[in-house]
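This one's a predicted model, so the numbers in the text were calculated from it and none came from an experiment. Every chain is numbered from 1 and lettered A, B, ... according to where its sequence line falls, protein lines coming before strand lines.
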Amino acid sequence: MAQDSVGLSSDYQFWIQKLSVWKQASTLETQQDTCLYLPQFQEFLRQMYEALKEMDSNTVIERFPTIGQLLAKTCRNPFILAYDESQKILIWCLCCLINKDPQNSGESQLNSWTRGLLSCILAAFRSDIKEVDLFTQGLGYAPADYYPGLLKNMVLSLVSELRENHLNGFNTQSRMAPERVRSLSRVCVPLVTLPDFEPLVEALLTYHGQEPQEVLWPEFFGAVNEAFLLKKICLPVSAVLCLWLRHLPSLEKAVLHLFEKLVSSERNCLRRIECFMKDSLLPEAACHPAIFRVVDEMFRYALLETEGAPEVLAAMQVFTRCFVEALEKENQQPKFALKTYFPYASPSLVMVLLQRPKDIPQGLWHRPLKRISEMLKEIVEDETQGSSGGPFENWFLLAHFGGWADIAAEQLLTSVGDAEPPEALLWLLAFSSSPGDGPQQRAQTMVEVKAVLSHLGRLLRSPTLSAGNLLAAAEESREGDPRPPACQQLTRRLLLNFLLWAPGGRAMARDVITLMARTDEIMHEIVGFLDQTLYRWDHLGVDAPGSRKLARELLAELRGQA
Amino acid sequence: MDSLLQQLERFSEVLAVSRTTHVSTWDAATVRRALQWARYLRHVHRRFGRHARIRKALERRLQNQWKQEGGSGPAPALGLTNFQALGHCDLLLSLRLLANRALGDAAFHYLLQELFPGPGVPGAEEGTLQGSLALLARRRAAVHMLRSSAYRENPVLQEDSLMKTQAELLLERLQEVGEAHAEGPGRFLSRLWEHLPHNNFLKVTAAALLLPPSSPRHQEEESELGNPRRAGERGRELLHWLLGKSEVIVAFCRNLPAGLLTSVAGRHPEVSRVYLGLLTDWGRHLHYDLQKGIWIGTESQDVPWEELYGRFQSLCQAPPPLKDEVLTTLKSCKAQDGDFEVPGLSIWTDLLLALESGA
């Protein structure tokens, strides 16, 4: 407690100085400076209130002899009064100074002074529109009656002035001077969360003047973005798009905010992630290539930093899905060429990847899969071709549309035992699980996977199918050496698919999983797999009631355990 | 129903008293009762707002105060003025008490505790008095900031937001007064004219006459109550009064800017008739000074040539039928004077000549 009060005292000195400099925030510099410190000052006011409410008015004066100055100066600064809850906290502080039963003239005077200041806040700036006040009084209206209407009219008038600029082109007379627009954006900084100001904020964001440089004040964008991320303001997508296009730091903050939400909220629930994603308006905004590229870059960075964490991958896949959905909704013909979104990738590859499995009959899914695999193989393994990026770039591209690799795994499993697994699918799986492998290593992986598949196929027909057998089949490598981790992951995935699809698999699903999940990591992986699979089936409308039911049950059980 | 009406009246009295020095006799308990009462009536507003019959009865009772004749000062005693005020009567009461220096320290302290309980009131902030008061303070700061930083008075006066707001309020009040008593508006306006600064009042009147027929909000409320009022009727009482008072209409036509008057005349033919009549009257007061070669007046209140010309010029820029009416008037005046073509003999000739060359 003592430490707090020491901190408070030094803060106090700092703020009193600041307030003396700011005065009524009537100049450009004082306005700018005030805006920069608004949140911190509010926090300070809150701390002051917490301290003051424990004291009676005499103690307050003892402890903070210049409190009168502090509060009075604050009252005179409209930027502070306009911001968020500052006016409320200020009133609370003043309430602490009122003495219920003043014993001497000093206390009476303090009461009187405090009451005056309170009146000032609630009836502030009267001299501004004296004529209006007189008139409305004559009519029998109080400010509380007409202020909302007045503010609305003022906002509407400013909005129509801003919008007129678009229509007037070079008609200099009616154009709003850039300095005025800038000044307006400055005034909006403390007021972005006031609902009356929403139309004005929107008009400013979508305002395009004739000047080549940005005319709005940068802190304005920051304030709007903050308010938007905290859901304190409602803006249409077009306005948010303008915000992010004009102010890169806001876009970056928005993406980071999304990442934080994804990390802290329930992981492994793609449906929830999709909700957050759509809510953030980022997929819609990403229809503009500049925004897509920035968001993509941040995903790329996150993947590199976390070394391909499955959560990040999953989030990126959801983002891409929502993005594609938004693109399609916008118009039949895309406004921008695909190359602008994926500049490092081969356009034909992108076209194939963008195909919606939903539009293709399930039986024909192997065709696009084959194509994807062949194209990727050509790009990645032909070293003479340098143009379409290295393995990582292409893997990164594929990862956007991760659904294809999952479908490949499923296809391999559902046709196990029928015929030789297609090389193309094996290659695709191997590549997606470890893109960094050289051709020989990859070939090795493919061989391993083939072996696992044939083993599983044999077990399918065998009467002695049991959890133990199954697991052994999956985990034993041909030479008896442990497989590299990426390969292990792959075989786990195949095994899980097997459990969901094979008729005998359901009976031993739980046992296998229990045996498989030796670490938390792996358990996590399994839950993620189930969630992703269900999510994919829902979106593709896959008809497999039995498998679906099993997957759902398993997921619920495992989630309950965790 | 009756008890409700009585409560309404009694609270209205309390509200009126809350701004007087009488509150020095109030203690914490009185304040508490007054606030409770206000809260109750706010609840009544919420509950019966859509209930046409009850609302009508409440409105009528409140309108009674406008029936009072004369009354000293610019404003009536000021209890509750209309049904809408009921919706935030607790806010009105609180603001009055907060500003009233006559309220004792103990009572004031209690008031503050009630109004500003502090943090830890989650969720329903907007509904609370604390929230509303903070919002009011915030809005006032907003208006101030807009005014001092970015706002410019709109040269088209009737579109200026301050003017528009005042005009809307005036028409609203007139409507209520009119419902209470048929001759209410006229008397009310006369009283306003006596007590308020004329310049602003005239501008607001002009703006009110130029407001669009009826705001969407009113239309919504009207249809809900099943009582459609004709659009444009609101301005009629104002117009009627304006044309009926010669002192006012003369000041109106004399002091307001030419462009504004042209707009009003264009919209209301009765005004254009009076306006033209006045202009021709003023024109006749001027005579031609041979030495200086200009038209001048003899008395100080005579309208100078430049102003006369300016007003006619503005009128001629209006769309027909006003423009035609003006030209016809000028031509007939010129004919009456002898239909001269030479300047210096008839002011009407000179005006027409100047308008043609200027146009």
Side-chain angles (χ1 to χ4, degrees), chain A residues 26 31 46 49 53 78-79 81-82 85 87-88 91-92 95 98-102 108 111-112 115 118-119 121-125 128-129 131-132 134-151 153-158 180-181 183-184 186-187 190-191 194 196-197, chain B residues 74-76 78 81 84-85 88 91-92 95-96 98-99 101 105-106 108-110 112-113 116 118-119 130-152 154 159-162 164-166 168-170 172-173 191-192 195-197 199-201 204:
Chain A
S26 42
Q31 283 180 8
R46 241 188 253 274
Y49 169 65
K53 75 177 186 195
F79 277 74
L81 289 184
E85 300 193 309
Q87 71 291 124
K88 198 161 45 176
I91 292 177
W92 292 341
C95 290
I98 291 286
N99 198 318
K100 187 154 60 171
D101 186 20
S108 278
N111 264 11
S112 177
R115 282 168 81 152
L118 272 168
S119 271
I121 300 176
L122 291 166
F125 315 118
D128 247 17
I129 39 178
E131 282 173 339
V132 178
L134 264 177
F135 188 79
T136 49
Q137 259 182 51
L139 289 178
Y141 287 113
D145 295 318
Y146 71 82
Y147 253 78
L150 175 61
L151 189 54
N153 280 343
M154 287 177 89
V155 167
L156 281 179
S157 149
L158 285 165
R180 243 183 99 205
V181 179
S183 175
L184 196 51
R186 210 166 22 243
V187 161
L191 289 160
L194 186 62
D196 307 289
F197 265 60
Chain B
L78 284 212
T81 51
Q84 243 178 303
H88 53 261
L91 188 64
L92 292 173
L95 285 166
R96 287 187 185 189
L98 280 169
R101 294 308 203 127
D105 285 316
F108 190 80
H109 184 258
Y110 175 79
L112 287 183
Q113 277 184 332
F116 302 110
Q130 179 166 267
S132 313
L133 287 162
L135 184 59
L136 182 64
R138 207 172 173 203
R139 280 177 165 151
R140 294 197 80 147
V143 167
H144 172 79
M145 283 158 75
L146 282 179
R147 285 267 301 175
S148 48
S149 303
Y151 181 79
R152 294 288 176 275
N154 197 325
E159 285 171 21
D160 179 75
S161 31
L162 283 175
K164 251 172 119 168
T165 310
Q166 291 175 89
E168 284 165 3
L169 290 171
L170 176 63
E172 221 175 85
R173 188 57 93 213
R191 202 167 61 221
L192 287 178
H195 290 103
L196 292 177
N199 199 23
N200 189 49
F201 181 77
V204 174

Residues A/Leu81, B/His144; criterion side-chain contact (heavy atoms from CB on, under 4.5 Å); working and verdict: CA-CA 11 Å; A/Leu81 289 184; B/His144 172 79; over 6 Å; no
Closest-packed option against chain A by number of heavy-atom pairs under 4.5 Å, given B/Leu135, B/Asn199, B/Leu133, B/Val204: B/Val204
Which atom of B/Ala137 lies closest to which atom of A/Gln87, heavy atoms considered: CB-CG, 4.1 Å
Contacting moiety of A/Ile98, where chain B heavy atoms sit under 4.5 Å: both
Proximity breakdown for B/Leu136 and chain A, heavy-atom pairs closer than 4.5 Å: side chain
Atom group of A/Ser112 that falls short of 4.5 Å from chain B, counting heavy atoms: both
Interchain contact, A/Leu184 with chain B, by part (heavy-atom threshold 4.5 Å): both
Heavy-atom donor-acceptor pair, B/Arg173 side chain to A/Gly140 backbone, under 3.5 Å: yes
Leading residue by heavy atom contact count with chain B [cutoff under 4.5 Å; candidates A/Arg115, A/Arg186, A/Met154]: A/Arg115
Spacing of CG belonging to A/Asn153 relative to CD belonging to B/Glu159, to within rounding of 0.5 Å: 11.5 Å
Distance, nearest 0.5 Å, that separates NE2 of B/His109 from CG of A/Asn99: 7.5 Å
Chain B interface, residue from A/Thr136, A/Ile91, A/Val155, A/Asp101 that has the most non-hydrogen pairs under 4.5 Å: A/Ile91
Distance-minimising heavy-atom pair for B/Ala141 and A/Pro78: CB-O, 3.8 Å
Distance, nearest 0.5 Å, that separates CG of A/Leu134 from CD of B/Gln166: 10.0 Å
Spacing of CE belonging to B/Met145 relative to CD belonging to A/Gln31, to within rounding of 0.5 Å: 7.0 Å
Which portion of B/Tyr110 sits near chain A, non-hydrogen atoms under 4.5 angstrom: neither
Test item: side-chain donor near acceptor, B/His88 and A/Asp145, under 3.5 Å: yes
Option that, when pairs with chain A are counted at under 4.5 Å, heavy atom only, ranks first among B/Pro197, B/Ala142, B/Ala85: B/Ala142
Under 4.5 Å from any heavy atom of chain B - which part of A/Leu158: side chain
Part of A/Phe197 within contact of chain B (heavy atom distance under 4.5 Å): side chain
Segment of B/Leu98 engaging chain A (4.5 angstrom heavy-atom cut-off): both
Residue B/Asp105 versus chain A: region with a heavy atom under 4.5 Å: both
Minimum heavy-atom distance between B/Arg139 and A/Leu151, given as atom pair plus value: CG-CD2, 3.7 Å
For the student: nearest non-hydrogen atoms of A/Ala82 and B/Arg138, plus distance: O-NE, 2.6 Å
Shortest non-hydrogen contact between B/Phe116 and A/Cys95, atoms and distance: CD1-SG, 3.9 Å
Closest contact, heavy atoms only, A/Tyr49 versus B/Gly118: OH-CA, 4.0 Å
Proximal component of B/Leu169, with respect to chain A [non-hydrogen, under 4.5 Å]: both
Step-by-step side-chain contact (heavy atoms from CB on, under 4.5 Å) determination, B/Thr165 to A/Val132: CA-CA 9 Å; B/Thr165 310; A/Val132 178; over 6 Å; no
